[in-house]
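Nothing here was measured: the structure is a model prediction, and the numbers come from that model. Read the numbers this way: they start at 1 and go in the same order the structure lists the ligands and their atoms. Start at 1 with the first residue, then count along the sequence.
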Amino acid sequence: MDVPAPKMYRLVIILALPLCASCLDNGLMLTPPMGWLAWERFRCDIDCENDPNNCISEKLFMDMADRLSEDGWRDLGYVYVNIDDCWSSKQRDKDGRLQADPKRFPGGIKKLAQYLHERGLKLGIYGDMGTYTCGGYPGSPLDKIELDAQTFADWEVDMFKYDGCYSNATEQEQGYPLMSKALNATGRPIGYSCSWPAYQGGLPPKVNYTQLGEICNLWRNYGDIQDSWSSVWSIVDWFFENQDALIPAAGPGRWNDPDMLIIGDFGLSMEQSRSQMALWAIMAAPLFMSNDLRTLSSGARVILQNKMIISINQDPLGIQGRRILKEKSGIQIFWRPLSKNTSALLFFSHRTDMPYRYKTSLSKLNYTAGSYKVTDVYTYKTLELKDSTEFVVSVNPTGVVMWHISAPAKLNSRLYFRGAQAAASGRDVGNDIPVLL
Ligand code: GLA
């Protein structure tokens with residue numbers, strides 16, 4: 001059998017497959033959810049008088065819905081429009097129900113949900129299992145769980161993020177499973193995002209990922225993303241340092257969530273934007289953009305709408321990738337097994353000097369013997385590569401080269417290799433190495 005997966009990881013794949021037998025039984029999010037989420041870019045801006053375009057209001061979410069449906073996002077899978085903190089009134093209504101701030105959401109949440117549904121989109125909303133949300137708005141503590149779940153269902157909400165500020169470990173142990181049950185009991189399919197692990201250090205034994213997979217569709221494992229490369233990298237490094245604990249937790253219907261995509265904001269260079277997108281695809285991470293889709297640069301759009309990377313992210317096997325090599329040179333290599341005998345390979349440079357020419361071969365990266373079809377997901381260049389053939393990739397500082405690799409192809413490799421060209425011209429090809437980029 002010719003499997004293009006590194007030998008030592010085949011066992012991991014086999015073990016990972018049946019795990020969804022224990023995933024949250026709402027049939028949702030069999031691939032990582034995609035959409036837009038307000039928090040990182042728009043935070044708790046409630047100053048609609050002075051900042052009407054950016055404040056947390058129904059206008060902001062309708063604007064984003066218009067962009068998602070008219071600018072090609074929805075058709076690529078970006079369907080959720082998610083409200084985060086600071087949407088509600090500071091008081092519950094006379095019946096004890098949460099209510100949206102009437103000044104900022106004059107139409108109410110249900111109307112907003114319907115606006116989205118008419119456009120083929122879904123609405124997400126935010127709550128917190130403590131007495132207050134992180135931003136100081138009314139929480140949904142234990143005694144309010146059933147009422148609030150029903151309120152969200154009545155409003156036709158499609159996803160719920162349950163944060164953990166102002167709650168303790170004991171309350172969380174009760175509250176997160178209880179909310180799962182309450183959402184299911186409404187009969188409305190509501191994707192459930194749990195912040196529980198992030199409040200408990202993100203790692204076993206304090207965090208029970210088997211249980212999380214049974215009650216939540218996704219969960220935040222770690223701290224909040226901010227608009228900087230150092231923030232992105234600290235998250236990436238934590239995820240891969242702890243990959244042995246995290247990878248088995250992920251699968252169809254149950255995802256680790258390293259937080260939002262900040263591509264199109266202010267903190268990342270183009271290289272770093274490509275890196276975030278590629279790394280989130282390797283991690284099988286939910287793809288929630290937190291940016292301003294009304295003013296997005298075309299560069300950011302091209303990265304976020306890259307079909308090949310999205311399809312890697314959305315691979316139906318749902319196996320989270322891993323870091324397979326950390327070189328002293330600063331080059332790091334990541335790998336994710338994909339369906340149909342394919343895989344994704346990512347070369348990242350942690351260097352700060354200049355593009356680094358990294359030399360290796362697929363067999364050095366544990367690929368089994370054979371010849372593979374390689375496609376660079378950012379340039380769309382393809383070539384055929386034997387496992388034993390040495391090649392060089394040029395990786396920019398804080399940038400990536402990402403490949404999609406499929407099983408032996410019938411392509412004629414000669415066209416692509418300097419060595420082969422030289423052979424055709426009669427030169428000695430002894431140690432010639434194909435240069436890919
Ligand atoms: C926490 C969460 C963030 C965001 C804020 C809102 O910090 O981790 O994602 O929801 O609360 O206040």
Q. Below 3.5 angstrom, do we get any N/O pair linking Asp259 and ligand 1?
A. no

Q: State, without any angle test, whether Gln332 and Arg323 hold a side-chain donor-acceptor pair at a distance under 3.5 Å.
A: yes

Q) Does Lys161 reach ligand 1 with a nitrogen or oxygen that is under 3.5 Å from one of the ligand's nitrogen or oxygen atoms? A) yes

Q.
Test your reading of the structure: does Tyr199 have an N or O sitting under 3.5 Å from an N or O of ligand 1?
A. no

Q.
I'd like to know if Arg294 and Asp292 make a salt bridge, using a cut-off of under 4.0 Å between side-chain N and carboxylate O.
A. yes

Q | Protein heavy atom at shortest distance from atom 4 (C) of ligand 1 | A | Asp84 OD1, 3.3 Å

Q) Glu40: heavy atom below 4.0 Å from ligand 1, yes or no? A) no

Q | Minimum-distance protein heavy atom relative to atom 12 (O) of ligand 1 | A | Asp85 OD2, 2.7 Å

Q.
Give me the residue, atom name and distance of the protein heavy atom closest to atom 11 (O) of ligand 1.
A. Asp163 OD2, 2.9 Å

Q) Would you say the side-chain atoms of Tyr126 and Asp163 include a donor-acceptor pair closer than 3.5 Å? A) yes

**Q.** Close-contact set for ligand 1 against Gly135 heavy atoms, below 4.0 Å
**A.** 12 (O)

Q) Can you check whether Tyr162 and Trp196 have ring centres sitting under 6.0 Å from each other? A) no

Q: Kindly say whether the aromatic ring centers of Tyr372 and Trp403 come within a distance under 6.0 Å.
A: no

Q: Distance to 0.1 Å, residue and atom name: give those for the protein heavy atom nearest to atom 7 (O) of ligand 1.
A: Asp224 OD2, 2.6 Å

Q. Do you know which of Phe288, Trp73, Trp36 makes ring pair (Phe, Tyr, Trp, His ring centres under 6.0 Å) with Tyr78?
A. Trp73

Q. Identify the closest protein heavy atom to atom 5 (C) of ligand 1: which residue and atom is it, and at what distance?
A. Trp39 CE2, 3.6 Å

Q. Is any side-chain N of the basic residue among Arg119 and Asp66 closer than 4.0 Å to the acidic one's carboxylate O?
A. yes

